[in-house]
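A short worksheet on the structure shown next.
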Amino acid sequence: MTRDDDFNIISEDDEEEVEYPALFVEGQPCDVCRREEGRVGLDVTCRGHYGGEPQLFCFGCLERGLRDEYAKTEGIAVVVEPFWEYDHYYYRLDEMPAYQFVREDVEAISWLMLTIGDKCARCDEQSRFAWLTTDFIIRDLPENEPVFRNLDQDIEHLCGNCMASQLAKSYAEMDAPLVTAELPRAPMVVLMPTGD
């Protein structure tokens, strides 16, 4: 159940936090080449909600793996540049209010979704994703306050291939020992891939 206080939509549900078992462990070899240490685990199931098998990639195999998976995705998504401090966040647009995003965020992201679909900023393909660097979010992810900012600026729109390339580059630059990532699987989602 939610209540509307004329500005924010706030969840009143006391949802228990679900503990998910680790899909990947540090030091596990890459599922593709079996030679290098896996660094980015891709959970195509989105924590068991969809079919498929999670895969662990080394940085050398990551871009190809992401390209293959992003080519299969349907719908559109806003993807935030990976950052360190929190678990991975994945929100369907129609569920954002339940996760205590304020109305300002829901409206801004909804509007941003409407702008996706023109030409990719890096090639001639149709865009399917809006790429938000960490300049567009407040990294503390405050509850019941705006999380997104500066969304009235030019935001890069990318196709699946270019999105995969950008994410692979960002994960490599992050150089985390192990990161678990998910894929956009719903028609309209916000993907905030962060360090575990």
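Residues take their numbers from the sequence shown, with the count starting at 1. No experiment lies behind these values; they were computed from the predicted model shown.
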_Which residues pass the ring pair (Phe, Tyr, Trp, His ring centres under 6.0 Å) test with Tyr91, not counting sequence neighbours?_
Tyr89, Tyr99, Phe101

*Quick one: does Met96's side chain get under 4.5 Å of Ile109's, heavy atoms only?*
yes

*Does a side-chain heavy-atom distance below 4.5 Å link Val44 with Leu42?*
yes

_Beyond-backbone contact of Leu62 with Leu167, side-chain heavy atoms, under 4.5 angstrom_ = no

*So do Glu104 and Phe148 actually touch side chain to side chain, heavy atoms under 4.5 Å?*
no

*Does any N or O in the side chain of Asp105 come within less than 3.5 Å of the main-chain N or O of Pro146, such that one atom is a donor and the other an acceptor?*
no

*asked:* Let me confirm one number: the CG-CD distance from Leu23 to Gln55, rounded to the nearest 0.5 Å.
replied: 12.5 Å

*For the student: nearest non-hydrogen atoms of Phe24 and Gly41, plus distance*: CE1-CA, 3.4 Å

_Value rounded to 0.5 Å, distance of OG in Ser127 from CE in Met163_ = 11.5 Å

_Residue pair Pro82 / Met174: nearest heavy atoms and the distance that separates them_ = CB-SD, 3.5 Å

*Is a side-chain donor or acceptor of Tyr90 paired with a backbone partner of Arg185 at a separation under 3.5 angstrom?*
yes

*Whether Asp31 side chain and Leu56 backbone form a donor-acceptor pair below 3.5 Å*: yes

*asked:* Could you tell me if Glu69 and Thr73 have a donor-acceptor pair between their side chains, going purely by distance under 3.5 Å?
replied: no

*Taking atom CD of Glu74 as the centre, does the number of heavy atoms from other residues, nucleotides or ligands within less than 6.0 Å exceed 12?*
no

*Rounded to the nearest 0.5 Å, how far does CD1 of Ile137 lie from CG of Leu132?*
8.0 Å

*asked:* Testing the basics here: between Thr45 and Pro54, what is the closest heavy-atom pair and its distance to 0.1 Å?
replied: CG2-CD, 4.2 Å

*Enumerate the residue pairs fulfilling side chain to side chain donor-acceptor pair (under 3.5 Å) with a member in residues 146-160, sequence neighbours excluded, ordered by first and then second residue.*
Thr115-His157, Asp118-His157, Arg122-Glu156

*Pairwise distance CG(Leu66) to CZ(Phe57) - rounded to 0.5 angstrom*: 6.5 Å

*Taking all non-hydrogen atoms of both residues into account, name the closest pair between Glu37 and Pro177 and its distance.*
OE2-O, 4.4 Å

*Are Tyr50 and Val79 in one and the same hydrophobic cluster, where Ile, Leu, Val, Met, Phe, Trp and Tyr link if side-chain heavy atoms are under 4.5 Å apart?*
yes

*Kindly indicate, with the supporting measurements, whether the criterion side-chain contact (heavy atoms from CB on, under 4.5 Å) is fulfilled by Met113 and Leu93.*
CA-CA 9 Å; Met113 292 278 188; Leu93 183 62; 4.2 Å; yes

*Determine, step by step, whether Leu114 and Ser110 satisfy the side-chain contact (heavy atoms from CB on, under 4.5 Å) criterion, reporting the C-alpha distance in whole Å, the side-chain angles of both residues, the deciding distance to 0.1 Å, and the verdict.*
CA-CA 7 Å; Leu114 293 174; Ser110 298; over 6 Å; no

*N/O donor-acceptor pair under 3.5 Å between Glu182 side chain and Asp43 backbone*: no

*Regarding Arg67 and Ser165, is there a side-chain donor-to-acceptor distance under 3.5 Å anywhere?*
yes

_Between CH2 on residue Trp131 and SG on residue Cys162, distance to nearest 0.5 Å_ = 12.5 Å

_Using side-chain heavy atoms (C-beta onward) and a distance below 4.5 Å, is Phe59 in contact with Val40?_
yes

*Kindly indicate whether the side chain of Arg39, heavy atoms from C-beta on, has any atom under 4.5 Å from the side chain of Val179.*
no

*asked:* Can you list everything that forms a side-chain contact (heavy atoms from CB on, under 4.5 Å) with Asp68? Sequence neighbours excluded, please.
replied: Arg64

*Report the distance from atom CE of Met188 to atom CD1 of Ile116, rounding to the nearest 0.5 Å.*
10.0 Å

_If you compare all heavy atoms of Leu151 against all heavy atoms of Phe136, which two are closest, and at what distance to 0.1 Å?_
CD2-CD2, 4.0 Å

*Determine whether Glu36 and Cys33 make a side-chain contact, defined as any pair of heavy atoms from C-beta on separated by less than 4.5 Å.*
yes

_Any non-hydrogen side-chain atom of Cys30 less than 4.5 Å from a side-chain atom of Cys61?_
yes

